[in-house]
Amino acid sequence: MSEALVEIKGLEKSFDAVRALRGVDMEIAPGQVTALLGDNGAGKSTLVRCLTGVHPADAGEIRFRGEPIKLGSPDDARRLGIETVYQTLGLIEDLQVWQNLYLNRELTTGFGPIRVLDKKAMISSSREILSKLDVDVPNVRSSVRRMSGGQRQSIAIARAANWGRTLVIMDEPTAALGVRETAAVESLIGRLREDGVTVLLISHDMAQVKRVADVAYVLRGGRAAARRAVAGTSGDELVGLITGALEGDARA
Ligand SMILES: Nc1ncnc2c1ncn2[C@@H]1O[C@H](COP(=O)(O)OP(=O)(O)O)[C@@H](O)[C@H]1O
Ligand SMILES: [Mg+2]
């Protein structure tokens with residue numbers, strides 16, 4: 001399986017006496033939605049932080065398109081096209097939607113040392129980014145403060161997908177959303193997949209995993225305890241693997 005987008009081998013990370021990751025082996029296939037499951041404390045967030053350059057791993061290897069990589073900072077991950085949507089979203093309330101989409105990546109125009117922000121270009125391409133993904137935000141010049149929870153989540157995902165052309169990682173993107181907003185975010189995930197974006201999705205909602213994911217990895221006690229093709233696995237079986245009631249085999 002050397003065609004993996006990301007290959008993780010023997011990844012270890014401790015915080016003093018706490019061994020958060022105890023040798024995680026995992027592969028993320030390109031163009032698929034991979035779900036990352038596990039009970040609280042299983043190591044999901046730590047794994048994501050190692051993958052995005054927030055934490056340096058203590059041991060093990062991460063390969064990206066077959067090449068060993070060292071992620072020393074979030075910028076290293078960004079350069080590879082890896083973007084993360086954290087639960088906090090990282091949107092600035094008082095800024096308009098287009099400003100959030102271009103936060104820290106502003107377009108400029110002009111010649112030589114005289115650069116000015118190209119507001120017109122950013123506004124019009126923000127409209128394109130959102131309409132291409134069918135995100136329901138009527139006006140890119142409204143401030144984020146006026147957006148619903150679902151709209152905010154969608155804006156954060158659209159931003160990540162726009163810059164993270166290879167891998168978008170989402171940490172429980174629908175945890176705070178109602179039924180309709182959850183459905184909108186799930187169809188957005190489906191459109192990213194159709195667009196060829198690879199998604200790593202942390203979720204506690206087994207029905208959601210069944211709806212949107214291709215493959216599920218279950219972390220337990222800092223190890224990948226099981227890997228399952230979602231189509232052939234019931235939600236109950238996934239829950240059993242998460243709690244440890246069922247024994248998994250990561251190579252299954
Ligand atoms: N920054 C940190 N400092 C100390 N311990 C941490 C830190 N981050 C995570 N841990 C510990 O590592 C283990 C795994 O946590 P985490 O990766 O957050 O799990 P999950 O996201 O699956 O709930 C837990 O025991 C947690 O308390
Ligand atoms: Mg977590």
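Everything numeric here is computed off the predicted structure, so don't read it as measured data. Counting starts at 1 for both ligands and their atoms, in listed order. Counting from 1, the numbers follow the sequence of the chain as shown. Only heavy atoms go into these numbers, but all of them, side chains included; no hydrogens, no water, no symmetry mates.
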Show your reasoning for whether side chain to side chain contact (heavy atoms under 4.5 Å, CB included) applies to Lys44 and His204.
CA-CA 11 Å; Lys44 304 180 296 296; His204 281 115; 3.9 Å; yes

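Heavy atoms only, all atoms of each residue included: Leu95 and Asn100 are closest at O-ND2, 3.4 Å. Between Arg220 and Leu241, the shortest heavy-atom distance links the atoms NE-O, 2.9 Å. Contact detail for Val140 and Gln96: the closest heavy-atom pair is O-CB, 3.8 Å. Summarising the geometry of Leu103 relative to Gly90, their closest heavy-atom pair is CD2-O, 4.2 Å, with the distance given to 0.1 Å.
Taking any N or O of Arg49, backbone or side chain, none lies under 3.5 Å from an N or O belonging to ligand 1. Polar contact check, Thr46 against ligand 1: a nitrogen or oxygen pair lies under 3.5 Å apart.
Scanning Ala20, Gly38, Ser14, Gly43 for the heavy atom closest to atom 19 (O) of ligand 1 points to Gly43.
Counting heavy atoms from C-beta on, the side chains of Tyr217 and Glu27 come closer than 4.5 Å.
Interface of Asn40 with ligand 1, defined as ligand atoms under 4.0 Å from a residue heavy atom, comprises 23 (O).
Protein heavy atom at the shortest distance from atom 23 (O) of ligand 1 is Gly41 N, 2.7 Å. Atom 9 (C) of ligand 1 has Phe15 CE1, 3.5 Å as its closest protein atom, hydrogens excluded (heavy atom only). Nearest protein heavy-atom contact of atom 18 (O) of ligand 1 is Ser45 CB, 3.8 Å. Shortest contact from atom 25 (O) of ligand 1 to any protein heavy atom: Val18 CG1, 3.5 Å.
In this structure, Glu93 pairs ionically with Arg152, as a charged nitrogen and a carboxylate oxygen lie closer than 4.0 Å.
Counting only distance, with no hydrogens or angles, the side chain of Thr166 and the backbone of Gly81 share a donor-acceptor pair below 3.5 Å. Using a distance-only test at 3.5 Å, with no hydrogens or angles considered, no donor-acceptor pair links the side chain of Ser203 to the main chain of Glu172. At least one donor-acceptor pair under 3.5 Å links the side chain of Arg223 to the backbone N or O of Arg22.
Protein heavy atoms are absent from the 4.0 Å sphere centred on atom 27 (O) of ligand 1.
In terms of hydrophobic clustering, with Ile, Leu, Val, Met, Phe, Trp and Tyr side chains grouped at heavy-atom distances under 4.5 Å, Val85 and Val137 are assigned to a common cluster.
Of all protein atoms, those of element N, O or S that lie under 2.8 Å from the Mg ion (ligand 2) number 1.
At a heavy-atom cutoff of 4.0 Å, ligand 1 is contacted by the backbone of Asp39 but not by its side chain.
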